[in-house]
K.L.:
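Would you mind keeping the following structure in view while I ask a few things?
Just follow the structure's listing: the first ligand is 1, and inside any ligand the first atom is 1.
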Amino acid sequence: MKKASLVVIGGGILGCSTAYHLAKQGKEDVLLLERRDLATASSSQAAGLMFRISSKPAVDCLSRRTFELLSELEEITGDGLDFKAVGSLRVAESEANKASLLKILNRAGAEGISVETVDRQWRSEMLPWFSAADDALTVFFKEEGYIDSYRLTRAYAKAARLFGVEIKTGVSVRGIRVVNGVVTGVETDQGVVACDSVVVAGGSWSNDLTLPHGIALPMVPTRSHFWIAAAEINFGERQPMMIHGDAGAYTRPEVGGLLLGVQEAHSRTFDYRLLPEDISSFAVTDEGGEWDALIEAEARVSNFFPGLATARFEHYMAGLSAYTPDGHFLLGAAKAVQGVFVAAGCCGSGVMASGGIGDALAELITQGQSQYDLAPFDLQRFGDVAPASEAFQLLCASARARKAK
Ligand SMILES: Cc1cc2nc3c(=O)[nH]c(=O)nc-3n(C[C@H](O)[C@H](O)[C@H](O)COP(=O)(O)OP(=O)(O)OC[C@H]3O[C@@H](n4cnc5c(N)ncnc54)[C@H](O)[C@@H]3O)c2cc1C
């Protein structure tokens, strides 16, 4: 029988970051098992937006670790990550969104984050396609940007290997072995691996592994999607990312064109038990459904992008993110079984927070506590839940709909 001290289940960005941080913090004999290839599920589909500050301070602490890590990973792996530091423009038009953006602005100032309010002239130079109400609040955060999430996942994996982690792809974990409430190993399609603890980082599939042991993770696979418009409109040479709270939408440059992400009024959710192992074979959006979704958002989007009707959309990407009812991650130890740790419930922000999530969980495992505030991410905070039920899916869908607000 094969042995490891700890098995990380899942080779997406959260599993790879956790494996890297565990090894960096001195944990030996770490084995990561991925049933397909690394970064082949959500972690290859993200728009890759990274923010230093948001309306969630506990998330910000995790995200800032990712920013710090970029140069650390480049140095360790010798590979560039090509982070695009274009900055982000946040836009608020309603009084409620202005109040929450002002709060972020004030906090940014106090925390030494570069921030400035910008005027119409600045906006028309940087985002010539963009329109906002005269009294809109527009704030620019210079140090933010976006990254290729596939590349970042691969960098965590390469660094983890260099620090001694064994990574095996093409191995499916069938279940976690538990004796008297304590982890003793994992069963795979290629035999049993004995271990004392596991990190469940199985993305949208995580409940398959935990629920048989009474650990219902309060999260639901929820659709996220974006479109890419061809570079046929003047989108600007130096355009930043743009986040529009009232429209529930974001944009970023994409090879001269425009990537447009839109929150849905009622996000599409899925019963995790029905997901195939290979998500690329799964219709997250039905044939033609991408146009229905864009039409549903048309009024909201054309308000800030008057040229929407003339844009030619040449790509569409739909994938799954696991959402929780409060939009916070699931990060920590399971109470029901000793030795089960979880990094899941990414709520569409797993790329930007990946550094802190891996760092925090590794600290919890190796030292029994973390420097990060993990209380908001407690696995048990909603009590008993039924993650596949319709009522619970609705709760998580509305967390997704509120995301950019
Ligand atoms: C369209 C879209 C846009 C997004 N945009 C952003 C963004 O701008 N910024 C941001 O921060 N985030 C964004 N996200 C979210 C981001 O992609 C996720 O938060 C992140 O990729 C989650 O990583 P993960 O490791 O939890 O999951 P995944 O990448 O899904 O990885 C889970 C892995 O576990 C494996 N696995 C599961 N079960 C088993 C098992 N039993 N045995 C072995 N392996 C198993 C799976 O094969 C999979 O590879 C976006 C997501 C989507 C879909």
K.L.:
In ligand 1, which numbered atoms sit nearer than 4.0 Å to a non-hydrogen atom of Gly203?
P.N.:
26 (O), 27 (O), 32 (C)
K.L.:
Near Val173, which atoms of ligand 1 are under 4.0 Å from a heavy atom of that residue?
P.N.:
40 (C), 41 (N), 42 (N), 43 (C)
K.L.:
Going by the order shown, which atoms of ligand 1 are within less than 4.0 Å of some heavy atom of Gly202?
P.N.:
32 (C), 34 (O), 37 (C)
K.L.:
Please state which part of Val171 comes within less than 4.0 Å of ligand 1, counting heavy atoms only: side chain, backbone, both or neither.
P.N.:
backbone
K.L.:
In ligand 1, which numbered atoms sit nearer than 4.0 Å to a non-hydrogen atom of Ser321?
P.N.:
15 (C), 51 (C)
K.L.:
Side chains of Trp227 and Val262, heavy atoms from C-beta outward: is any pair under 4.5 Å?
P.N.:
yes
K.L.:
For Leu320, take its heavy atoms, then give the atoms of ligand 1 lying under 4.0 Å from any of them.
P.N.:
53 (C)
K.L.:
For the aromatic rings, using the six-membered ring if either is Trp, is the centroid distance between Phe305 and Trp129 under 6.0 Å?
P.N.:
yes
K.L.:
Could you check whether Arg52 makes a cation-pi contact with Phe141, meaning its NZ or CZ is under 6.0 Å from the centre of the six-membered ring and within 45° of the ring axis?
P.N.:
no
K.L.:
Does Ile279 approach ligand 1 within less than 4.0 angstrom via side chain, backbone, both or neither, non-hydrogen atoms only?
P.N.:
neither
K.L.:
Any idea which of Arg174, Arg223, Lys168, Met352 brings a heavy atom closest to atom 11 (O) of ligand 1?
P.N.:
Met352
K.L.:
Does an N or O from Leu49, backbone or side chain, lie closer than 3.5 Å to an N or O of ligand 1?
P.N.:
yes
K.L.:
Do Leu14 and ligand 1 have an N or O pair less than 3.5 Å apart?
P.N.:
yes
K.L.:
Test Tyr156 against Ser354 for side-chain hydrogen bond (donor to acceptor under 3.5 Å, both in side chains), laying out the working first.
P.N.:
CA-CA 10 Å; Tyr156 284 124; Ser354 58; 2.8 Å; yes
K.L.:
Centres of the Trp291 and Tyr316 rings: under 6.0 Å?
P.N.:
no
K.L.:
As a check for students: among Ser354, Ala343, Ser63, Ala41, identify the option with a heavy atom nearest to atom 30 (O) of ligand 1.
P.N.:
Ala41
K.L.:
Counting each atom of ligand 1 from 1 as listed, which ones have a heavy atom of Val351 under 4.0 Å away?
P.N.:
10 (C), 11 (O), 12 (N), 16 (C)
K.L.:
Answer yes or no for Arg273 and Trp205: cation-pi contact, defined as NZ/CZ to six-membered ring centre under 6.0 Å and angle to ring axis within 45°.
P.N.:
no
K.L.:
Judging by distance only, is a nitrogen or oxygen of Glu277 under 3.5 angstrom from one on ligand 1?
P.N.:
no
K.L.:
Are any of the heavy atoms in Gly48 under 4.0 Å away from ligand 1?
P.N.:
yes
K.L.:
Around atom CG of Asp119, are there more than 12 heavy atoms from other residues, nucleotides or ligands closer than 6.0 Å?
P.N.:
yes
K.L.:
Given that the side chain starts at C-beta and the backbone is N, CA, C, O, which of these parts of Ser42 lies under 4.0 Å from ligand 1, counting heavy atoms, or is it both or neither?
P.N.:
both
K.L.:
Quick check, are the ring centers of Phe270 and Phe282 under 6.0 angstrom apart?
P.N.:
yes
K.L.:
Go through ligand 1 atom by atom and flag the ones less than 4.0 Å from a non-hydrogen atom of Ser349.
P.N.:
10 (C), 11 (O), 12 (N)
K.L.:
Does Arg90 make a cation-pi contact with Phe51, if we ask for NZ or CZ under 6.0 Å from the ring centre and within 45° of the axis?
P.N.:
yes
K.L.:
Among Val173, Leu31, Leu32, Val171, which residue satisfies the side-chain contact (heavy atoms from CB on, under 4.5 Å) criterion with Ile9?
P.N.:
Val173
K.L.:
When you check the side-chain N and O atoms of Asp196 and Gln338, is any donor under 3.5 Å from an acceptor?
P.N.:
no
K.L.:
Hey, can you tell me if Phe130 and His244 have their rings parallel, tilted or perpendicular (30° and 60° cut-offs)?
P.N.:
tilted
K.L.:
Regarding atom 21 (O) of ligand 1: of the candidates Ser43, Cys347, Gly348, Gly11, which has the closest heavy atom?
P.N.:
Ser43
K.L.:
Classify the ring geometry of Phe83 against Phe67: parallel below 30°, tilted from 30° to 60°, perpendicular beyond 60°.
P.N.:
perpendicular
K.L.:
Met317 versus ligand 1: do any nitrogen or oxygen atoms come within less than 3.5 Å of each other?
P.N.:
no
K.L.:
Given Ser204, Ala46, Cys16, which has its nearest heavy atom closest to atom 50 (C) of ligand 1?
P.N.:
Ala46
K.L.:
Based purely on interatomic distance, does Ala47 place a nitrogen or oxygen under 3.5 Å from a nitrogen or oxygen of ligand 1?
P.N.:
yes
K.L.:
Which ligand 1 atoms does Ser224 reach within 4.0 Å, using its non-hydrogen atoms?
P.N.:
1 (C), 2 (C), 52 (C), 53 (C)
